[in-house]
Amino acid sequence: MDLPEYAIEARGLTKTYAATKTTPEVQALKGIDLAIPRGSVFGLLGPNGAGKSTFINILAGLCNKTAGKVTIWDRDIDERPRDARAAIGVVPQEIAADPFFTPREALEVAAGMYAVPKSERRSDELLAALGLSDKANAYVRQLSGGMKRRLMVAKAMVHKPPVLILDEPTAGVDVELRRQLWNYVVELNKAGVTIVLTTHYLEEAEQLCDRIAIINRGEVVVCEPTASLLKRLDVRNVIVSPEEPLTAAPVLPGFETKLLKSGGFSVSYRTGQSSVEQVLAAIRASGLHIKDISTEDPDLEDVFVSLTYAAAS
Ligand code: ADP
């Protein structure tokens with residue numbers, strides 16, 4: 001059989017969480033289209049609440065979509081749910097390890113759940129690959145947090161899925177362990193495994209991913225090769241304190257402004273398109289008098305807002 005062009009493809013994917021007595025309805029995914037090329041290391045980036053976990057939970061079969069079509073390795077998750085799920089391994093955000101198993105037992109149990117025949121199991125190989133050989137027979141509760149996380153990666157790989165999904169894999173993982181984990185992920189990718197990882201660290205995505213999609217509020221803001229995305233992330237902020245505190249952000253044609261608690265405001269601009277000079281000229285033209293001014297690099301949230309704004313305008 002031909003290998004699929006895309007490891008994962010979502011079309012018009014929508015998820016609405018119903019309202020409860022205490023919470024309103026939430027549109028977590030608003031009809032997103034995403035195509036994840038086979039063989040890529042694909043970063044799914046977005047601030048908290050963007051919809052990343054919802055997307056992954058739908059792929060993993062932990063959450064039902066409201067509408068849209070999803071295929072994993074060309075297998076429709078509605079038509080062939082078992083086959084679709086057999087093509088992915090998911091490393092969840094939360095560490096959920098059974099304290100009464102040893103790592104080797106945990107891998108055997110996981111392989112059993114995927115009906116991997118004994119002759120095809122490779123628990124020891126996986127333990128070695130993740131630096132857990134000397135803990136193979138320890139109780140999981142005796143492992144450090146980093147070891148538990150590596151065990152979760154091994155568990156996700158017991159059935160040799162062609163796609164590995166890591167949900168916020170390095171939250172709470174120290175630098176050395178992060179490096180080890182990434183080395184293994186890179187090795188897997190070289191061996192042909194498609195990697196999808198969610199993160200809210202742009203830097204992490206920059207270093208590892210060849211393609212990045214940014215989602216915000218349930219919508220895909222951009223999806224492109226990392227190199228071309230980085231070129232567009234040239235947003236800078238100018239922080240302005242006017243002589244008189246303001247109660248609303250000023251309107252400056254061509255720039256996005258935001259009121260600050262201090263009564264000042266920030267103006268974001270793109271270094272590739274405008275200069276601080278032009279920002280200052282726009283402020284002066286609006287009749288405002290500047291008391292003080294500074295610049296700052298944007299955080300990821302600003303980048304999302306700016307890209308969303310650029311996409312909408
Ligand atoms: P992310 O992983 O990017 O932080 P999530 O997918 O967890 O985002 O959340 C997207 C939105 O859906 C958020 O507004 C969140 O509050 C909401 N949400 C997530 N899970 C549930 C749920 N089980 N019930 C209701 N709302 C949810």
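One-based numbering along the sequence shown. For ligands, and for the atoms within them, numbers begin at 1 and follow the listed sequence. In this text the structure is predicted, and so the values were computed from the model without any measurement.
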TODO: Go through the side-chain N and O atoms of Asp167 and Thr198 and say whether any donor and acceptor fall under 3.5 Å apart.
DONE: yes
- [ ] Would you mind telling me which of Thr14, Leu59, Val70 makes a side-chain contact (heavy atoms from CB on, under 4.5 Å) with Lys65?
- [x] Val70
Task: Pairing residues for Arg121 by the salt bridge (charged side-chain N to carboxylate O under 4.0 Å, His left out) criterion, not counting sequence neighbours - done: Glu108
Could you list, one pair per line, each nitrogen or oxygen of ligand 1 together with any protein nitrogen or oxygen closer than 3.5 Å, giving atom names and the distance rounded to 0.1 Å?
| residue | atom | partner | partner atom | Å |
| --- | --- | --- | --- | --- |
| ligand 1 | 2 (O) | Ser53 | N | 2.8 |
| ligand 1 | 2 (O) | Ser53 | OG | 2.8 |
| ligand 1 | 3 (O) | Ala50 | N | 3.1 |
| ligand 1 | 3 (O) | Gly51 | N | 2.9 |
| ligand 1 | 3 (O) | Lys52 | N | 2.9 |
| ligand 1 | 3 (O) | Lys52 | NZ | 2.9 |
| ligand 1 | 4 (O) | Gly49 | N | 2.7 |
| ligand 1 | 6 (O) | Thr54 | N | 2.9 |
| ligand 1 | 6 (O) | Thr54 | OG1 | 2.6 |
| ligand 1 | 8 (O) | Gly51 | N | 3.0 |
| ligand 1 | 20 (N) | Tyr17 | OH | 3.4 |

TODO: Could you check Leu288, Asp292, Ile293 and say which one makes a side-chain contact (heavy atoms from CB on, under 4.5 Å) with Ile290?
DONE: Ile293
Open item on the list: Arg284: which residues meet the salt bridge (charged side-chain N to carboxylate O under 4.0 Å, His left out) condition with it, sequence neighbours left out?
Closed with: none
Open item on the list: Please enumerate all residues that pass salt bridge (charged side-chain N to carboxylate O under 4.0 Å, His left out) together with Glu125, with sequence neighbours excluded.
Closed with: Arg122
